[in-house]
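In this chain, residues are counted from 1 in sequence order.
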Amino acid sequence: MTFSTRGKLFHFGTNEFRSRSTPAGARLLQIFEECKKGNFASSAMFPTVFEASPSVEVVIDAFALLPYVTPRTLLLDVADPIRQSLQQDSQSIEWLCIALSRSGILDATQKAVWFYRDEVTVDSDTDLPYHLSITLEASVGDVFDGPQVVPDSIDEYEPGRRQYDVVEYAKAVELKIDEIRANFPNSSRQSFLYGKPVNIEDLALNLLNTLGETYDNEDVVTARNLIEAFTGFDLSQFYKNIQLNRKPAAAALEQLFDEVDLFEFRPGVRYFFGREIPD
């Protein structure tokens with residue numbers, strides 16, 4: 001998911017935002033501009049974006065922005081009306097669940113699990129477990145792996161496709177969330193990544209050190225998105241023609257360390273363009 005329709009994330013000219021002339025797109029752009037100024041209360045307008053008959057592009061862009069600017073209480077408040085606006089569109093509901101988990105807020109992540117449990121069938125292909133794993137696990141483990149459905153016969157087995165037992169899977173993820181809550185007494189006011197409070201300095205340093213050898217996967221996307229959202233530093237050079245551009249990406253990260261004091265970003269606290277989000 002990208003925010004700007006020309007491959008950039010949070011750094012683009014207003015005229016580059018292709019959907020700006022539609023009611024839904026204009027409202028989304030307004031939320032973005034207000035949040036850059038630190039007016040995070042404007043994120044309460046997210047449901048109105050979905051009520052304004054948005055295009056698929058605007059829906060994708062809204063879900064790309066939602067987890068990075070919406071305060072915890074507001075995120076929990078807007079999730080249900082957004083879900084209702086989506087009616088029974090399973091793809092959009094999955095995007096909503098992924099957005100909630102990307103916030104790193106445990107209560108929002110748990111709500112994503114509930115939506116998944118109530119809306120997604122056992123036969124659905126879903127990317128949500130991967131995103132839940134990134135939020136909740138230090139490395140790929142039970143949140144990503146199962147529980148899964150055992151086919152009744154070899155004819156029903158599809159290699160490479162994961163079919164989760166939705167009810168049991170939801171229980172397993174909730175147990176993992178409860179475990180993290182027990183380990184971190186202030187978890188209700190923290191954002192998590194890989195099962196611990198997000199630390200943007202460590203994340204940027206690890207990304208820089210592994211960029212030459214890492215696969216271009218969701219971990220890279222997650223790190224880039226968080227670093228750019230938190231700091232407001234332009235990392236548009238990361239990708240060219242949808243491909244990871246390693247040397248310019250590394251140069252951008254080195255410039256980030258030169259120009260931004262990442263030590264000022266407290267672990268577990270969310271920021272947008274350097275402004276603390278009131279969770």
Side-chain angles (χ1 to χ4, degrees), residues 1-4 6-14 16-17 29 31-43 61 64-72 75 99 101-105 134-135 138 184 186 189-240 243-279:
M1 286 188 259
T2 59
F3 182 58
S4 168
R6 294 194 179 182
K8 298 179 182 179
L9 188 59
F10 299 120
H11 288 271
F12 54 90
T14 300
E16 292 183 277
F17 190 62
L29 194 57
I31 294 171
F32 173 61
E33 296 293 350
E34 288 297 317
C35 288
K36 280 174 63 177
K37 300 173 187 175
N39 180 18
F40 298 112
S42 64
S43 59
D61 287 341
L65 182 63
L66 177 72
Y68 300 120
V69 300
T70 312
R72 173 186 170 277
L75 188 58
S101 70
R102 277 184 166 180
S103 72
I105 303 290
I134 288 174
T135 299
F184 297 94
N186 296 322
R189 296 185 176 276
Q190 293 178 309
S191 176
F192 287 81
L193 182 69
Y194 303 122
K196 59 183 181 181
V198 60
N199 186 317
I200 208 71
E201 182 180 21
D202 287 352
L203 183 66
L205 184 59
N206 181 68
L207 181 59
L208 178 61
N209 289 336
T210 60
L211 200 54
E213 59 191 39
T214 189
Y215 291 107
D216 182 11
N217 58 19
E218 195 61 38
D219 292 284
V220 175
V221 173
T222 297
R224 179 265 175 121
N225 289 4
L226 280 169
I227 294 165
E228 185 164 325
F230 275 46
T231 65
F233 194 84
D234 189 356
L235 296 178
S236 301
Q237 309 94 312
F238 256 62
Y239 290 92
K240 183 177 182 179
Q243 299 296 319
L244 180 61
N245 210 9
R246 297 179 188 276
K247 287 185 178 179
L253 286 172
E254 290 173 351
Q255 185 180 357
L256 169 73
F257 278 102
D258 288 341
E259 298 182 9
V260 180
D261 185 1
L262 297 181
F263 184 75
E264 293 184 354
F265 293 81
R266 292 180 290 137
V269 178
R270 290 191 303 153
Y271 299 83
F272 189 65
F273 276 67
R275 300 177 185 272
E276 183 175 335
I277 298 175
D279 287 330

Mind listing the closest non-hydrogen atom pair of [X] and [Y] along with its distance?
{"X": "L208", "Y": "A250", "value": "CD1-O, 3.7 Å"}
{"X": "V198", "Y": "V269", "value": "CG1-O, 4.5 Å"}
{"X": "F40", "Y": "V69", "value": "CD2-O, 3.3 Å"}
{"X": "R270", "Y": "R72", "value": "NH2-N, 3.6 Å"}
{"X": "L211", "Y": "A249", "value": "CD2-CB, 3.5 Å"}

I need the [X] [atom1] to [Y] [atom2] distance, nearest 0.5 Å.
{"X": "I200", "Y": "L226", "atom1": "CD1", "atom2": "CG", "result": "5.0 Å"}
{"X": "S42", "Y": "F32", "atom1": "OG", "atom2": "CZ", "result": "11.0 Å"}
{"X": "I105", "Y": "R189", "atom1": "CD1", "atom2": "CZ", "result": "10.5 Å"}
{"X": "R102", "Y": "T222", "atom1": "CZ", "atom2": "OG1", "result": "5.5 Å"}
{"X": "F265", "Y": "D202", "atom1": "CZ", "atom2": "CG", "result": "14.0 Å"}
{"X": "E34", "Y": "L29", "atom1": "CD", "atom2": "CG", "result": "10.5 Å"}

*May I ask you to check whether F192 and F184 place their ring centres under 6.0 Å from each other?*
yes
Is a side-chain donor or acceptor of [X] paired with a backbone partner of [Y] at a separation under 3.5 angstrom?
{"X": "Y271", "Y": "G232", "value": "no"}
{"X": "S191", "Y": "S103", "value": "yes"}
{"X": "T135", "Y": "S101", "value": "yes"}
{"X": "E228", "Y": "L235", "value": "yes"}
{"X": "N199", "Y": "P267", "value": "no"}
{"X": "N209", "Y": "L205", "value": "yes"}
{"X": "R275", "Y": "K36", "value": "yes"}
{"X": "R224", "Y": "L207", "value": "no"}

*Can you check whether F10 reaches L65 side chain to side chain, under 4.5 Å on heavy atoms?*
yes
*Residues Y239, V220; criterion side-chain contact (heavy atoms from CB on, under 4.5 Å); working and verdict*: CA-CA 11 Å; Y239 290 92; V220 175; 3.7 Å; yes
Name every donor-acceptor pair, under 3.5 Å, that has one atom in a side chain of residues 252-264 and the other anywhere in the protein, sequence neighbours excluded.
| residue | atom | partner | partner atom | Å |
| --- | --- | --- | --- | --- |
| Q255 | NE2 | E259 | OE2 | 2.9 |
| D261 | OD1 | F263 | N | 3.2 |

